[in-house]
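Just the heavy atoms: all of them, side chains too, but no hydrogens, waters or symmetry mates, feed the values below.
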Amino acid sequence: MPPTPTARRKRVGIELRKMREAAGRSAGDAAAVLGLDRSKITLIEQGAYPISAERVLALAADFEEADSAYVDAVAEMAADRTKGWWEEHRGLVPAGILEISEVEHYASALLTYQICHVPGLMQTEETARAIFREVYPPLRPLNIEARVENRMRRAELLTRLEYEAIVHEAALRMEFGGREVAREQLKQLLALSEAPNVTLRVLEFKAGGFKGAGQAVLYARGPVPRLDTVQLDSVGSPAFLTEMNQLENYRNIIGMMRDRSLDPSASRDAISSIMNSL
């Protein structure tokens, strides 16, 4: 039985299907190129079966895909069979959280906007623990701690990755865990906002309504724009968007929210003001 599909293997399958359909080729045509059964092509495109980098290149050549940087990036994704640190948490946290961990780990930059929560990578342990205690049905202490540990490991990305967060004022005023936990959380936001690779913007209540107000979104930049990923939070499992029109839509939404947000300096002032009021 093939190992559990990783987020990258699933993405390789998605991109191969996009190439094949753009070329007007059938799964049977792709199978003939590789000398495989048609059923294997279906499994590859679903991410349920691995494919080598050489076979990715062979299919891309047959599909006449002209974007060499894109093809090389997909082939590199196929070749990488590295077991990530997040696999330590498999069985303790939902598979969707492991996929988010993987997408973030391989991203070249991350952009997020949050309405009611401080971005996960910027949360303190106590804020994260308080949020996970609100999950329904209630989580066992072991699972809460596994999720907190996963979130803290993911936060290590903030030491090396370009990260931009647009945070609504509502999230800054939420007191998960009580007033003192909220104060410490705002202190951490201020400290993180000073890092040269981190941009934090506050979207104030007075900015009014805006597109995307009902969602929390993570935009992960890939090695090339066609391999960007949008992750949407949901009550069940996270949704991942990969179609070019979807990516463009969220790029535009993030741009509009950025335009309505305070600049980084004014955002720090707003956070300090809220923190001092607690």
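Residues L227 and M77 have side chains in contact (heavy-atom distance under 4.5 Å, counting atoms from C-beta outward). When side chains are defined from C-beta on, L121 counts as touching Y163, because their heavy atoms get closer than 4.5 Å. Put simply, the side chain of V74 reaches to within 4.5 Å of the side chain of M19, judged on heavy atoms. Between R221 and L110, every side-chain heavy-atom pair lies at or beyond the 4.5 Å cut-off. By the 4.5 Å heavy-atom criterion applied to side chains, F240 and E99 are counted as neighbours. Side chains of V56 and L16 form a contact here, defined as non-hydrogen atoms less than 4.5 Å apart. L98 has its side chain within reach of H89: a pair of non-hydrogen atoms, C-beta onward, lies under 4.5 Å apart. Counting only heavy atoms from C-beta outward, the side chains of E21 and F63 never approach each other to under 4.5 Å.
When atom types are taken as modelled, the side chain of E102 and the backbone of G84 share no donor-acceptor pair closer than 3.5 angstrom. Between the side chain of S273 and the backbone N or O of D269 there is no donor-acceptor pair closer than 3.5 Å. E175 places no side-chain N or O within donor-acceptor distance of the main-chain N or O of A182, the cut-off being under 3.5 Å. In this structure, the side chain of D263 engages the main chain of S265 through a donor-acceptor pair within 3.5 Å. Side-chain N or O atoms of N197 include one that pairs as donor or acceptor with a backbone N or O of L158 at under 3.5 Å. In this structure, Q123 contributes its side chain and V118 its backbone to a donor-acceptor pair below 3.5 Å. Looking only at distances, no side-chain donor or acceptor of K40 sits under 3.5 Å from a matching main-chain atom of Y49. D29 contributes a side-chain N or O that, together with a main-chain N or O of S26, makes up a donor-acceptor pair within less than 3.5 Å. Remark: the backbone N or O of R25 is paired with a side-chain donor or acceptor of R20 at under 3.5 angstrom.
No single ILVMFWY cluster, assembled from side-chain heavy atoms under 4.5 Å apart, contains both L161 and W85. V148 and L189 fall into different hydrophobic clusters, where Ile, Leu, Val, Met, Phe, Trp and Tyr residues are linked whenever their side-chain heavy atoms come under 4.5 Å apart, directly or through other members. Following chains of ILVMFWY side-chain contacts shorter than 4.5 Å, one can reach I254 starting from L241, so the two form part of one hydrophobic cluster. A continuous path of hydrophobic side-chain contacts links L232 to L247 [ILVMFWY only; heavy atoms under 4.5 Å]. L192 and I131 fall into different hydrophobic clusters, defined by Ile, Leu, Val, Met, Phe, Trp and Tyr side-chain heavy atoms under 4.5 Å apart, directly or through other members.
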Could you go through L200 and I271, starting from their C-alpha distance and side-chain angles, then the distance that decides it, and tell me whether this counts as side-chain contact (heavy atoms from CB on, under 4.5 Å)? CA-CA 10 Å; L200 177 60; I271 294 170; 3.5 Å; yes

Using side-chain contact (heavy atoms from CB on, under 4.5 Å), reason through V217 and Q231 one step at a time and then give a plain yes or no. CA-CA 6 Å; V217 167; Q231 178 255 312; over 6 Å; no

Applying salt bridge (charged side-chain N to carboxylate O under 4.0 Å, His left out) to R17 and E243, what does each step give before you reach the verdict? CA-CA 12 Å; R17 174 186 53 78; E243 299 298 328; 3.7 Å; yes

Determine, stepwise, if the pair D72 / V224 fulfils side-chain contact (heavy atoms from CB on, under 4.5 Å). CA-CA 10 Å; D72 288 345; V224 295; over 6 Å; no

Any chance you could lay out the side-chain contact (heavy atoms from CB on, under 4.5 Å) test for F210 and Y113, step after step, and finish with the verdict? CA-CA 12 Å; F210 52 90; Y113 63 80; 5.8 Å; no

Could you go through D228 and Y250, starting from their C-alpha distance and side-chain angles, then the distance that decides it, and tell me whether this counts as side-chain hydrogen bond (donor to acceptor under 3.5 Å, both in side chains)? CA-CA 11 Å; D228 290 357; Y250 280 95; over 6 Å; no

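In terms of heavy atoms, A78 sits closest to R81 at O-NE, 3.1 Å. The minimum heavy-atom distance between A216 and Q114, with the atom names listed, is CB-OE1, 3.4 Å. Contact record, R9 with P5: NH1-CA, 4.0 Å, taken as the closest heavy-atom pair.
Salt bridge present: R201 and E164 bring a charged side-chain N and a carboxylate O closer than 4.0 Å. For E15 and R226, the salt-bridge test fails: no basic side-chain N is under 4.0 Å from an acidic carboxylate O. Ion pairing of E45 with R11 is absent here, as no side-chain N (NZ or NE/NH1/NH2) approaches a carboxylate O to less than 4.0 Å. Using a 4.0 Å cut-off between a side-chain N of Lys or Arg and a carboxylate O of Asp or Glu, R260 and E204 do not qualify as a salt bridge. A salt bridge does not link R151 to E125: none of the charged nitrogens lies less than 4.0 Å from a carboxylate oxygen.
Taken to the nearest 0.5 Å, the CD atom of E134 stands 11.0 Å off from the CG atom of L139. If you take CG on L218 and OG1 on T112, they are separated by 5.5 Å, rounding to the nearest 0.5 Å. Between the CD atom of E248 and the CG atom of N245 there is a distance of 9.5 Å, given to the nearest 0.5 Å. Of the inter-residue distances, the one linking M275 atom CE with R268 atom CZ reads 13.0 Å to the nearest 0.5 angstrom. Within the model, atoms CD1 of I166 and OG1 of T199 stand 10.0 Å from one another, a figure rounded to the nearest 0.5 Å. Atom CD1 of I41 is separated from atom CZ of R38 by 10.0 Å, given to the nearest 0.5 angstrom.
Between the side chains of D37 and S39, no donor-acceptor pair of N or O atoms lies under 3.5 Å. Counted by atom type alone, T124 and Q188 present zero donor-acceptor pairs between their side chains at under 3.5 Å. Side chains of N143 and R140: a donor-acceptor N/O pair is present below 3.5 angstrom, by distance only.
Every residue was checked against the side chain to side chain donor-acceptor pair (under 3.5 Å) condition with S267, not counting sequence neighbours, and none meets it.
Seen from the ring of W86, R153 does not count as a face-on cation partner, given the 6.0 Å and 45° thresholds. For R251 and Y219, the positive end is not near the middle of the six-membered ring at less than 6.0 Å and at most 45° from its axis.
Around CZ of R160, the count of heavy atoms belonging to other residues, nucleotides or ligands within 6.0 Å exceeds 12. Counting non-hydrogen atoms of neighbouring residues, nucleotides and ligands closer than 6.0 angstrom, the CD atom of E162 reaches no more than 12 such neighbours. Within 6.0 Å of the CD atom in E87, the count of heavy atoms belonging to other residues, nucleotides or ligands exceeds 12.
With ring centers used as reference points, F176 lies under 6.0 Å from H117.
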